Amino acid sequence: MKKILIVFTTVIMMLLMTNRISAETSIIEEGHPEVFNDVPSISGTPSVYDAAGLLSSEQFDSLTLKLDEIRRRQNMDVVVVTAQSLYGMSPRDYADDFYDYNNYRNDGILLLVSMENRDWYISTKGKGIDYFTDYGIDLIADKVVSRLSKGKYYEAFNIFADQADYFIEEAKSGNIIDIDNDGGETGPRSFGIFNGVISTVVGALSSLFTSLILKGQMKSIQKHRYAGSYVVDRSFVLTGRSDLLVDRKVSRVYNPPNRNSGGSHSGGSSVHTSSSGSSHGGHGGHF
Amino acid sequence: MSELKEYKCPNCSGRLEFDTKSQQLKCPYCDGTFDPDIFNDGKEYELNNEKWTDSDYLVYNCRSCGGSIIADADTAASTCPYCDNPVVMVGNVSGSLKPKKIIPFKYDKEQAKEEYRKHLKGKILLPKAFRSEAAFDEIKGIYVPFWLFDGKANAKIWFDALRTHYHREGDYDVRITEYYKLFRSGSVEFSKVPVDASEKIDDELSQSVEPYNNKELKDFNDNYLAGYYADRYTVDAEESVRIADDRILNSTRQLFDSTTSAYENCRVSSSSINLEHGIQEYAMYPMWIMNVRYKDKKYVFAMNGQTGRFVGDLPIDTMKYRFIMIAVFLGITLLMGIIQLLFLRG
């Protein structure tokens, strides 16, 4: 009797302990989180967490290098996270929690891509909320999501990194990108054909103008068609004048003021509170 | 027709010339000056031995040195090429050919040359060699014959004009166009509109040195001609008045046009302008004419002898011109490119 009891207790205790051990191993092993309703807990604060395996190891290294540099230079975190499944969590919660619980800095932006339902989500925190307005995130998303849809993940993440860097840079110099200030096209503009045409046109006009002036210097003999110098002082008198209104036409053209196509924001960033109690901005969609 | 007049100083028999600085007849030998409006000691004499050459030139013999003075039928004043003795061909400035008025020279030959030099200054396209190689064929101070016309223009002009106003009503851009018929009537007077009466002097050239200051018109006296060249008129007043009328009409239209400045798109729909002709006077105006030769081409320069206004078309150094045009084009294009680049990266 005693023997059976001892064995029984030992078995139960072993079962309990196995549970705990397996929980711990799941924390240590990266890439295979077996957690339900909890974001993966990772060591360090890597720039790239590619659980869905969307990147080759070269792409992973290259992207990590780029983001590391940006994070160092801008003193903010810019993170890319991919997941095979969100385990029942909403993209918003997953992204917010991943950022909060994995000790990233107080200011940053995170891009989450989940293959399960083809969700993308951009989450911002701290200064990231101010630097990346709803409108700004839309602009970035436009460029990123189109590549995600085509399966060009590496390209998409690179663009995200460049855009994030640019937005932060602009914001730091007082130029937060928003509806009323999107600086034309976002992203660092490059010297294009349009600029070349402008330069050439201005160059040609200057040349023409100079030609007129210099050639004008050389010619001084011309026919005089007027006798203005010979008008007797104050001899010009009007004896009659009438101004008669004979017709009146009215034209009305419908011309509504410009409404921006991207929602009803008037600018700024919408903010919510995550499970950790911190404020986050951002939004997401499908690709 | 064959009478010549000479101007000799009553004190020392030196030759007198009209001096621009003092505005008097001046003797360069004894510095005596004489009022040209009063001086009456010019010596006239008959010439018996003028010769006609084949080409309508007249040759006179200079009384002072015997040299030949070549002139034509229209010459009214000249100087002996050998001894600078001024002579006036009395026949061409008397009777019906006598001018009513004259504006005396105020600028002398040295000043004319100086103005020529100034004219060449700062002309970037002028070939460098022009300044050194261009040679004067002649520099002459000439009294050019002019017809001066007074006139009054009476005008009645109708215009079609419009005005547009813009404003916003809610979501609409509203444009209101008002159409007007304008009427203007009135008159304007012109005084002493000049028309070149010499076929020898190009009309464009003489117009280019306008305007002359009519307030300095003096009653004509041949004393003013001493030392200068002069021609009698060769274009009739009847022909000249058409040119004056043209200019008067254009100015009248311009003046009436200016009374409609409150309107846009003003067009004359009909007009009736009638010119009343006033007095016409025959006058002589002073002009310095310079003929310059450069690389086998002739260039003419003229200066208003009263106001100093200098004109004359100059040749263009085509190589320099092309170089500058290309340099400006490339330079500015490059500059614009750099500016835009900085602006983008900025």
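In what follows, chains are A, B, ... by sequence order, proteins preceding strands, each numbered from 1. Since the model is a prediction, treat every value here as computed from it, not as a measurement.
- Put simply, of A:Asp233, A:Val231, A:Val201, A:Leu205, the one with the most heavy-atom pairs under 4.5 Å next to chain B is A:Val231.
- Paired with A:Tyr230 under the rule side chain to side chain donor-acceptor pair (under 3.5 Å), one option of B:Glu210, B:Arg247, B:Lys192 passes, and it is B:Glu210.
- Ranked by heavy-atom pairs under 4.5 Å with chain A, the list B:Val193, B:Thr333, B:Ile339, B:Ile332 is led by B:Thr333.
- If you measure heavy-atom distances from B:Tyr263 to chain A, the contacts under 4.5 Å come from the side chain alone.
- When B:Arg253, B:Lys181, B:Lys156 are compared by the number of non-hydrogen pairs under 4.5 Å with chain A, B:Lys181 comes out ahead.
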With side chain to side chain contact (heavy atoms under 4.5 Å, CB included) as the test, would you mind laying out the steps for B:Asp317 and B:Leu125 before giving the verdict? CA-CA 6 Å; B:Asp317 184 339; B:Leu125 294 180; 5.6 Å; no

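- Between the side chains of B:Glu204 and A:Gln222, no donor N or O sits under 3.5 Å from an acceptor N or O.
- Here the straight-line distance linking atom CD1 of B:Ile157 with atom OG1 of B:Thr252 works out to 8.0 Å at 0.5 Å rounding.
- No side-chain donor from either of A:Ser269 and A:Asp134 sits under 3.5 Å from a side-chain acceptor of the other.
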Begin with the C-alpha distance, continue with both residues' side-chain angles, and end with the deciding distance and a verdict on side chain to side chain donor-acceptor pair (under 3.5 Å) for B:Lys298 and B:Asn291. CA-CA 7 Å; B:Lys298 288 215 180 85; B:Asn291 284 312; over 6 Å; no

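- With chain A as the partner, the residue from B:Val328, B:Asn250, B:Leu314 showing the most heavy-atom pairs under 4.5 Å is B:Asn250.
- Across B:Leu182, B:Val311, B:Asp173, B:Val174, the residue that shares the most heavy-atom pairs under 4.5 angstrom with chain A is B:Asp173.
- In this structure, no portion of B:Asp202 lies under 4.5 Å from any heavy atom of chain A.
- Contact count against chain B (heavy-atom pairs under 4.5 Å) is highest for A:Leu238 among A:Val250, A:Leu238, A:Ile198.
- Per-residue heavy-atom pair counts under 4.5 Å with chain B were compared for A:Ile221, A:Val232, A:Thr239, A:Leu208, and the maximum is reached by A:Ile221.
- With salt bridges taken as basic N to acidic carboxylate O contacts below 4.0 Å, one links A:Arg73 and A:Asp165.
- Taking the charged nitrogens against the carboxylate oxygens, A:Lys143 and A:Asp138 have no contact shorter than 4.0 Å, which rules out a salt bridge.
- For chain A, the nearby parts of B:Leu126 are the backbone and the side chain; heavy atoms of each come within less than 4.5 Å.
- Between the SG atom in B:Cys266 and the CZ atom in B:Arg163 there is a gap of 11.0 Å [rounded to 0.5 Å].
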Please assess B:Glu115 against B:Lys118 for the test salt bridge (charged side-chain N to carboxylate O under 4.0 Å, His left out), listing each intermediate value before the final yes or no. CA-CA 5 Å; B:Glu115 288 300 313; B:Lys118 279 202 227 162; 3.1 Å; yes

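- Ranked by heavy-atom pairs under 4.5 Å with chain B, the first of A:Arg241, A:Arg252, A:His224 is A:His224.
- Only the side chain of A:Ser229 comes within contact range of chain B, judged by heavy atoms closer than 4.5 Å.
- If you measure heavy-atom distances from B:Tyr212 to chain A, the contacts under 4.5 Å come from the backbone alone.
- Heavy-atom distances place both the backbone and the side chain of B:Thr259 under 4.5 Å from chain A.
- In this structure, the portion of B:Val300 lying under 4.5 Å from any heavy atom of chain A is its backbone and not its side chain.
- In this structure, chain A has no heavy atom under 4.5 Å from any part of B:His165.
- Among the candidates B:Gly186, B:Ser251, B:Ser185, the residue making the largest number of heavy-atom pairs closer than 4.5 Å to chain A is B:Ser185.
- With ring centers used as reference points, B:Phe190 lies 6.0 Å or more from B:Phe149.
- Contact count against chain A (heavy-atom pairs under 4.5 Å) is highest for B:Arg175 among B:Arg175, B:Glu178, B:Gln254, B:His119.
- For B:Tyr321, the part sitting under 4.5 Å from any heavy atom of chain A is the side chain, from C-beta outward, and nothing else.
- Residues B:Phe183 and B:Trp158 place their aromatic rings such that the two centres sit under 6.0 Å apart.
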